[in-house]
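Counting convention: from 1, in listed order, for ligands and their atoms alike.
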Amino acid sequence: MLAGASVGLPIARSDVPIRLPEECACCAGIATHRVALAREGGVSSSVGYCDECAEHQASASTRVLSLALSSLLLALAGAAALPLVAPRLGLLGLISSVIAFSLLPFGLLCLPARPMSLPHSARGAAVRWSTSGRLWCAALSYAERVAQLNEAELTAEPLDERVSSPWLSAGPVLGVGAACLSFFVYHPLLRIINLGAVRIEVALDGQRLSAVDPTSNESPAAGALLRVPAGAHWLSVSSAVDGAALARVEVDFHSGAVHLFAFAADDTCFWLETTGYGEERLGEPSYVPLPSADHFWVLPGGIDTWFAPNPSARDPIAHSSGGLLTALRQAPCVDAPPEARSLRQ
Ligand SMILES: [Zn+2]
Ligand SMILES: [Zn+2]
């Protein structure tokens, strides 16, 4: 806290400016610089500073900006690096760590302030508008002169030296946005379907991921959809009934992609079915089989429908708007369209 005094001044208008003394506002020396002091809703006044005081006044404001900048850089670096260093960190864990990173530079504000030597009366700006709308002056003699020049009243008012700035919130706020973005990029989607007879437990690198109920028919709601850390991992499947190990597959999750793992899919075929509408109407849907020995796929983008057919090209509503729709389909291989059957692995 700095001792000082505040002066209650009317809002300055261009025709009635606030009158400030000529001398340096900090040390009362000869002012060689004029620094503009903006007031909300009023015209700005110019405060005199000597060379030395103009320098500490300016470095105090750049200090706030450098704190804001270092907070932002730490937050962004944390958001970019943490999902790689700690891939199992959840979204909430990532957000809290990024906020903690962004707050680190503010620890500097808690360090004891360096001692102030005479004739200075402030370490930063010696004159400021306080939140209550009064002009706060660090030097009592300067405040008295301001009160005298403007015929205003004066009150002793200590003021917290720490300057707050809306820029200081940039690190934590943008950090939260960057953490969410980076979480979704580094944690792609995995859909697991269970075509076996019993409920299964799926684990990623030995840690439980999800339980998945069996589904026998093609269904858009089948299975579980989860986010998993990108990179190479092991998926292991065990029976939820007796815990018996059923399968173990090495997988590679790609950032930003969508993946499918189908358990017990030996007699099931998967394929992409593209239907054209309007001007792009095709004679027949086109089929791309999706063979996989492990029943694990990194799927191409642009799948419109999961485990359900596209609307019919003869549908009058679908007919009116042109374009292509792609559906991911599944069926027992004996029932799949011949073009969609993948070679049995
Ligand atoms: Zn000075
Ligand atoms: Zn000074």
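If you take CH2 on Trp129 and OG on Ser45, they are separated by 5.5 Å, rounding to the nearest 0.5 Å.
Here His56 meets the criterion, with an N, O or S atom under 2.8 Å of the Zn ion (ligand 2).
Annotation: side chain of Val47 is in contact with side chain of Tyr142 (closest heavy-atom distance under 4.5 Å).
Using cut-offs of 30° and 60° on the angle between ring planes, the pair Trp297 and His295 is tilted.
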So Arg134 and Glu153, salt bridge (charged side-chain N to carboxylate O under 4.0 Å, His left out) or not? Walk me through it. CA-CA 10 Å; Arg134 296 168 65 86; Glu153 46 80 33; 2.9 Å; yes
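Rounded to 10°, the angle formed at the Zn ion (ligand 1) by Cys53 SG and Cys27 SG is 120°.
Looking only at its N/O/S atoms, His120 has ND1 as the one nearest to the Zn ion (ligand 2).
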